[in-house]
2 protein chains.
Amino acid sequence: MASGSAARKPVSEPLVVLEEFLPYRLNVLAGLTSSALAQIYAERFGLSIPAWRVIVTLGQYECRTARDMAPDGVMHKSTVSRAVAALEKRGLVRRRPNLDDRREEWLALTPEGRAIYEAVAPEALAVGERLLSVLTAQEQKTLSTLIDKLTRQARLLAPQDAEGEEA
Amino acid sequence: MASGSAARKPVSEPLVVLEEFLPYRLNVLAGLTSSALAQIYAERFGLSIPAWRVIVTLGQYECRTARDMAPDGVMHKSTVSRAVAALEKRGLVRRRPNLDDRREEWLALTPEGRAIYEAVAPEALAVGERLLSVLTAQEQKTLSTLIDKLTRQARLLAPQDAEGEEA
DNA sequence: TGTTAATGGTTGCAGAAGCAACGAACGGAA
DNA sequence: TTCCGTTCGTTGCTTCTGCAACCATTAACA
């Protein structure tokens, strides 16, 4: 046993050094970037992360179903459901029955929703670019590749997600 | 306006493509790695993420205060407080008053806590390494550098955290 | 056709997280 | 010493998240 006064000194051979542990560092980084972004879409526009994702996806694709909002089970379907409900209540998203398959519904931005999209998106992009501004163009490309590789691998290691994967 | 049948076709000029947006991709990756890890420390040992971090930190440093658990405000102090309380109740962590400053308390793993640490840590490490196994040694070094750069920058962009930063 | 399985989506419930307010203790200045 | 600002840590409250159960609809298949 070490001496009792070694409060801040590492134990003989630590098995894990948290600050060097990749999952931890990824979590910290993701959390910080989320906070930075939340300043934009939460404080200024009252959007949660899921709501923001729905808005962006609809801004991008015009019209999709709730299921399409979580391409790889990234968001739980209940999360999407509640986000859409909230956005509908605020008049930012409109639902239309899909007559070909009445289980699902088409979602689209209302004009008000699109206005918000066009206000939020550029600011969010700007934050993203301010983040990346500390990396060279080459580093950004490399980062992108590495993230993709890791994401693919993580998907293999993570428990098979809720539903609708590539299965 | 585009035709009504363009359900899955992108709108003319999407402002943000979510799948290419760095913060989104970081969030997804971090979430997946957390899920992979949670299989170990949650399902097998009943530890939450904060509890896992406390265990690892104490395993690393032997004895610290609750404040030291969240070096950069990564965890909220209430989160740490509750995690420590739960661990104490399970007999994995022990508290001792700090007679030099009676506002804070020294925390340390009990023998049972250390046993769990020694069981969890190698498995968690293994997951981390399985994750990194898709990268070359050089890529791993690069990734580490990029994460550090981005984290530093994100800390500047994020709202000044709760407390105890480097201020 | 009828029966069974699978899918899109909603909701009740329980656990977790952040905020804010609080109590206790410390430190500095008058 | 006394007063004021600050810090460590806890707790109440509200919101969010994920799971699981559920309903309605569709698909598969005998």
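Residue numbering restarts at 1 for every chain, and letters A, B, ... go by the order of the sequence lines. All values reported here derive from a predicted model rather than from experimental measurement.
Under the salt bridge (Lys or Arg N to Asp or Glu O under 4.0 Å) criterion, B:Glu105 pairs with B:Arg95, not counting sequence neighbours. The salt bridge (Lys or Arg N to Asp or Glu O under 4.0 Å) search around A:Lys141 returns none, not counting sequence neighbours. Remark: B:Thr145 pairs with no residue by the side chain to side chain donor-acceptor pair (under 3.5 Å) rule, at least two apart or across chains.
Applying the ring-ring contact (aromatic ring centres under 6.0 Å, His included) test to residues at least two apart or on different chains, the pairs with a partner in residues 24-56 of chain A are A:Tyr41-A:Trp52.
Side-chain N/O atoms of A:Arg102 and base N/O atoms of D:dT25 include no donor-acceptor pair closer than 3.5 Å.
Rounded to 10 degrees, the angle between the two end axes of the helix from C:dT1-D:dA30 to C:dA30-D:dT1 is 10°, with five pairs used at each end.
Using a 4.0 Å cutoff on non-hydrogen atoms, the parts of residues 81-89 of chain A near DNA chain C are A:Ser81, A:Arg82, ordered by number.
Residue B:Thr79 places at least one side-chain N or O under 4.0 Å from the OP1 or OP2 atom of C:dG18. Contact between the side-chain N/O atoms of B:Arg67 and the OP1/OP2 oxygens of D:dC8 is found at a separation under 4.0 Å.
Taking OG1 from A:Thr65 and CZ from A:Arg103, the interatomic distance works out to 11.0 Å, rounded to the nearest 0.5 Å.
Look at CG on B:Asp101: it is 12 Å from P on D:dT7, rounded to the nearest Å.
Nucleic acid contact class of A:Ser78 (heavy atoms, under 4.0 Å, all strands): base.
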### Query
Can you list the steps and then say if A:Leu58 with A:Met69 is a side-chain contact (heavy atoms from CB on, under 4.5 Å)?
CA-CA 9 Å; A:Leu58 291 180; A:Met69 295 299 147; 3.4 Å; yes
